[in-house]
Amino acid sequence: MEPIFHLQKEFWDYADLKEEAKVLKNEALVFETSKAIIRAVPMSSRSPALKKLYGEFLKTYPYNFGEISMSYMYINKGEVYPYHVDNVASTAVSNLKPVQCTINILVSGEDNEVEFEGLGKYKYKACVFNTSHMHRITPQSDRTIVRISFRESSYEDVVRKIQDTINT
C-alpha cells in the first residue's frame, strides 16, 4: 500500500485555513527534540477555521475514528526533519496517545516533497499520510499543514473508511 492516499473531495475552505494559519503562526507552541523543532497550534477557540474543518470532516466521513486531534503545523525552510515515525509516544511533545496516521492538508509549501524510506519521494496537496512509515522532509520553502491526527485508527483503517464513502 502506498504511504499516502490523495484526497479528491475537498471538505475544507482553503482560503480560510491559509489565513488563519498565517495569523496564528506567532502563537505556535514550540517543542525542541533531539531531531527537530516542532511548531504547532492546536485547535481552540482561536481557530474557528479549524473547528469548521473538524465539523465538515465528521459530516463527510461519519465513522468512529476514535481519538482525533487537529492542529496547524509549521516547518521553516531549510529545517531538517530526519527519518522518523510519529507513532512513538513522546512525552516531551504531548501527553496524548501517539499519532497512528494523519490527514495532511497543505496550506503553504506545496513544492516540498516528503520522502518515505525505501519508497521514494511524494508530493501532495491533501492526503491521508502514513506517519507509521519512516519518513523525512527538508523543506525548500516554509511549509504549513493542517493536520488531523488519528490516535486510535491505523492508516489502513482510515483509508478504508474514506474509500467506503467514495464508493457509496
Side-chain angles (χ1 to χ4, degrees), residues 3-5 7 10-58 65-116 122-155 158:
I4 65 170
F5 177 80
L7 295 177
E10 290 189 18
F11 53 89
W12 56 89
D13 185 319
Y14 178 78
D16 283 353
L17 292 169
K18 186 172 185 166
E19 181 59 29
E20 185 171 271
K22 183 178 169 184
V23 168
L24 293 176
K25 184 175 183 178
N26 290 334
E27 299 176 22
L29 302 172
V30 179
F31 304 96
E32 292 190 42
T33 70
S34 60
K35 296 182 179 181
I37 299 172
I38 299 166
R39 292 177 193 81
V41 174
M43 183 172 64
S44 72
S45 61
R46 299 213 1 99
S47 57
L50 269 184
K51 283 186 168 189
K52 180 180 175 186
L53 169 69
Y54 181 67
E56 291 301 317
F57 168 76
L58 294 176
F65 290 99
E67 187 179 337
I68 296 173
S69 61
M70 299 196 44
S71 62
Y72 292 109
M73 307 252 342
Y74 307 90
I75 304 173
N76 292 333
K77 175 183 177 178
E79 289 181 342
V80 175
Y81 275 61
Y83 279 119
H84 66 284
V85 293
D86 296 358
N87 64 342
V88 177
S90 174
T91 55
V93 175
S94 171
N95 60 358
L96 300 171
K97 294 176 183 174
V99 174
Q100 302 303 310
C101 73
T102 62
I103 287 180
N104 287 356
I105 302 168
L106 286 166
V107 294
S108 71
E110 294 86 356
D111 54 325
N112 294 297
E113 297 176 316
V114 174
E115 184 175 5
F116 288 87
Y122 293 80
K123 283 187 179 183
Y124 62 86
K125 183 171 180 168
C127 71
V128 182
F129 189 103
N130 189 349
T131 59
S132 298
H133 190 95
M134 195 70 76
H135 60 281
R136 70 178 176 187
I137 184 167
T138 305
Q140 303 305 304
S141 63
D142 288 354
R143 179 179 174 89
T144 303
I145 62 171
V146 171
R147 180 169 144 147
I148 303 172
S149 299
F150 299 89
R151 299 180 182 281
E152 296 177 332
S153 291
S154 69
Y155 173 76
V158 172

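Residues take their numbers from the sequence shown, with the count starting at 1.
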Can you check whether [Y]'s main-chain N or O pairs, donor with acceptor, with [X]'s side chain at less than 3.5 Å?
{"X": "Arg151", "Y": "Glu67", "result": "no"}
{"X": "Ser71", "Y": "Val41", "result": "no"}
{"X": "His84", "Y": "Met134", "result": "no"}
{"X": "Asn112", "Y": "Gln140", "result": "yes"}
{"X": "Ser132", "Y": "Gln100", "result": "yes"}
{"X": "Glu79", "Y": "Asn76", "result": "yes"}
{"X": "Tyr54", "Y": "Ile148", "result": "no"}

Rounded distance (nearest 0.5 Å) linking atom [atom1] of [X] with atom [atom2] of [Y]:
{"X": "Ile145", "Y": "Leu106", "atom1": "CD1", "atom2": "CG", "result": "7.0 Å"}
{"X": "Asp13", "Y": "Leu53", "atom1": "CG", "atom2": "CG", "result": "10.0 Å"}
{"X": "Ile103", "Y": "Met70", "atom1": "CD1", "atom2": "CE", "result": "9.0 Å"}
{"X": "Ser47", "Y": "Leu17", "atom1": "OG", "atom2": "CG", "result": "10.0 Å"}
{"X": "Glu113", "Y": "Thr138", "atom1": "CD", "atom2": "OG1", "result": "11.0 Å"}
{"X": "Lys77", "Y": "Asp142", "atom1": "NZ", "atom2": "CG", "result": "8.0 Å"}

Are the side chains of [X] and [Y] in touch, meaning some heavy atoms are under 4.5 Å apart?
{"X": "Glu115", "Y": "Tyr83", "value": "yes"}
{"X": "His135", "Y": "Ile4", "value": "no"}
{"X": "Glu110", "Y": "Lys123", "value": "no"}
{"X": "Trp12", "Y": "Val146", "value": "no"}
{"X": "Phe150", "Y": "Val128", "value": "no"}

Considering the options Tyr122, Tyr155, Phe116, which one meets the side chain to side chain contact (heavy atoms under 4.5 Å, CB included) requirement together with Phe129?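 Among the candidates, only Phe116 passes.
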Have a look at Arg147 and tell me which of Ile105, Leu50, Asp86 forms a side chain to side chain contact (heavy atoms under 4.5 Å, CB included) with it.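 Among the candidates, only Asp86 passes.
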Hey, is NZ on Lys52 packed in by over 12 heavy atoms from elsewhere, all under 6.0 Å?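 No - once you tally the heavy atoms of other residues, nucleotides and ligands closer than 6.0 Å, there are 12 at most.
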Where is the tightest heavy-atom contact between Tyr81 and Tyr74, given as atom of each residue plus distance?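 In terms of heavy atoms, the two residues are closest at OH-O, 4.2 Å.
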